[in-house]
Protein chains: 2
Amino acid sequence: MTTKDKILNCALQLYNEQGPNKITSRHIATELGMSPGNLHYHFKHTDDIIIQLFNQLADSFDELISELEQSKVDLNYLMNFTNKSFDLVYTYRFIFLSFVELGRRIPAIQQFYQEINERRLHEFKTIFKNFQKKKIFRQDIPSHVLDLLVNQIFIVGDFWPSNNDLTLKLEQVAAKKYYSKIFLNMFYPYFEPSIQVQYQSQLGFSE
Amino acid sequence: MTTKDKILNCALQLYNEQGPNKITSRHIATELGMSPGNLHYHFKHTDDIIIQLFNQLADSFDELISELEQSKVDLNYLMNFTNKSFDLVYTYRFIFLSFVELGRRIPAIQQFYQEINERRLHEFKTIFKNFQKKKIFRQDIPSHVLDLLVNQIFIVGDFWPSNNDLTLKLEQVAAKKYYSKIFLNMFYPYFEPSIQVQYQSQLGFSE
DNA sequence: TTAAAATTAGTACATTTGTTCTAAAATTAA
DNA sequence: TTAATTTTAGAACAAATGTACTAATTTTAA
């Protein structure tokens, strides 16, 4: 592993634990047993570390959305996508926990958020329309209601780590289980009755 | 207006505009044409300003929840509560935009969030059960689904300003209109058909 | 009016932080 | 091997920040 990667990994861990405001370049250097001079040889600006980490996240997210194939999207596909998204969000949770501040501090972050958000809003609006065609979603839902649903799910999808940090503070596995249930449940009342049954049996609501 | 209140008002404005990390006690003092020594005569620690502002928010929120009278809650009541909540959140938006960081920095904030969250989760679970009794909500929704809905609405209710800041950056009136629509729409698929009609006509979905 | 109390300005200090600079050490290439 | 390049440590600096201190000024109370 290159020194750059060591720095990035260490920074990700420290940022996730304590937030990007508490952690300085000196902290990261010390944690790695490295001089501050050396760290700044690899990353001229401290924010460059954050930018690089954000780019990792952005690339992964981008890939995830690119994989979406409208025609194949069904309930399983939706659950699968949710699963992968939640893992990604958890891995880079410090970004989501400080999204507003990082967006203000680093314009590229805000810009990319807007782009990827536009894109996934559009993708999911299409998916939901297909859901209606395929009778996964109820037929009697007006299309503007579906459009608003898309906004809801992304707010929950982006800010569940913040809610977790302020309340239960669940760690990885438990958090993912808890919040993906909350997330997927947003779709429940839109499902056709038969899908509702299928959904409930798959999620094991008896627990 | 006392000097303390002037400081609080000015701080609120600056925090809302630029976030609590960019704004220092010196900034606030300068904005008020006041010496830093004087500001620290009124607030020994800079964080005391934030704590005081948070207490203002907490008191208002507490009052709002206390006013809830389960028996009287109907669709209009719900819309009214949403309206007041959104105003409050907007007024103190810097807290919601930096909730996680402030919670970590100031334990009292995190603690109060947990308390008020527990309380409103409970209140709303009861409200939704009443909604079912009163046939405002559909009868065929399992109770655990309703419980999860409660979690969803509070995540959206707390983090819509963050979403707004990262995307459209709507100001007060427009933001409230846009996000309260998204918020109230979360209830839509749970409404009985007759209530759905009533809801749509009240919100004027033609716009 | 006068003494006490409250308020204010201005300065000063310690700490933290990002970053730069220099020189040494390690690595690579010829 | 030797020269060039890369990497590293460590010191140094400037700016920012929270906050304490002092002395002046203003306000209040007797």
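A, B, ... follow the sequence lines: proteins, then strands. Residue 1 opens every chain.
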Next on the checklist: With rounding to the nearest 0.5 angstrom, report the OG1 to CE distance, Thr82(B) to Met186(B).
Outcome noted: 11.5 Å

Checklist entry - Please give, in whole Å, the distance from dT11(C) P to Leu39(B) CG? => result 17 Å

Item to check | Glu101(B)/Arg105(B) ion pair, N-O < 4.0 Å | outcome: yes

Checklist entry - Is there side-chain contact between Phe94(B) and Leu102(B), with at least one heavy-atom pair below 4.5 Å? => result yes

What does the list of N/O pairs under 3.5 Å between the protein and nucleotides 22-27 of chain C look like, with a distance for each?
none

Checklist entry - Rounded to whole angstroms, how far apart are NZ on Lys44(A) and C1' on dT7(D)? => result 17 Å

Item to check | Rounded distance (Å) that lies between atom P of dT19(C) and atom NE2 of His27(A) | outcome: 15 Å

Checklist entry - In whole angstrom, what separates Ile50(B)'s CD1 from dT17(D)'s P? => result 13 Å

Checklist entry - Below 4.0 angstrom from OP1 or OP2 of dT8(C), is there any side-chain N or O of His42(B)? => result yes

Checklist entry - What is the ring orientation for Trp160(A) with Phe86(A), classed by angle as parallel under 30°, tilted 30 to 60°, or perpendicular over 60°? => result parallel

Next on the checklist: Applying salt bridge (Lys or Arg N to Asp or Glu O under 4.0 Å) to Lys22(A) and Glu17(A), what does each step give before you reach the verdict?
Outcome noted: CA-CA 10 Å; Lys22(A) 257 197 164 176; Glu17(A) 284 166 6; over 6 Å; no

Checklist entry - Which residue lies toward the 5' end of DNA chain D, Gly37(A) or Tyr41(A), if each is placed at its nearest nucleotide? => result Tyr41(A)

Item to check | Whole-Å distance separating the CG atom of Leu32(A) from the C1' atom of dT8(D) | outcome: 13 Å

Checklist entry - Is the shortest distance from a Lys or Arg side-chain nitrogen in Asp158(B) or Arg120(B) to a carboxylate oxygen in the other one below 4.0 Å? => result yes

Next on the checklist: Less than 4.0 angstrom between a side-chain N/O of Thr2(A) and OP1 or OP2 of dT7(D), yes or no?
Outcome noted: no

Checklist entry - Considering only dA9(C), dT8(C), dT8(D), which nucleotide approaches the side chain of Ser35(A) most closely? => result dT8(D)

Next on the checklist: With a 4.0 Å cutoff (strictly under), does any side-chain N or O of Thr46(B) reach OP1 or OP2 of dT19(D)?
Outcome noted: yes

Item to check | Spacing of Lys4(A) atom NZ relative to dT6(D) atom P, expressed in whole Å | outcome: 12 Å

Checklist entry - Are any of Asn38(A)'s side-chain N or O atoms less than 4.0 Å away from OP1 or OP2 of dA9(D)? => result yes

Item to check | d(NZ, Lys6(B); C1', dT8(C)) in whole Å | outcome: 13 Å

Checklist entry - Tell me: CD1 of Ile7(A) to C1' of dT7(D), nearest whole Å? => result 11 Å

Checklist entry - Is the shortest distance from a Lys or Arg side-chain nitrogen in Arg93(B) or Asp165(B) to a carboxylate oxygen in the other one below 4.0 Å? => result no

Checklist outcome for this item: Residues of residues 16-26 of chain A with a heavy atom under 4.0 Å from any atom of DNA chain C, listed by number, are Thr24(A), Ser25(A), Arg26(A)

Next on the checklist: So that I can tick it off, tell me whether Asp74(A) and Lys134(A) are bridged by a salt bridge, with the cut-off set at under 4.0 angstrom between side-chain N and carboxylate O.
Outcome noted: no

Next on the checklist: Check this for me, if you would: do Lys72(A) and Glu69(A) make a salt bridge, where the nitrogen-to-carboxylate-oxygen distance has to be below 4.0 angstrom?
Outcome noted: yes

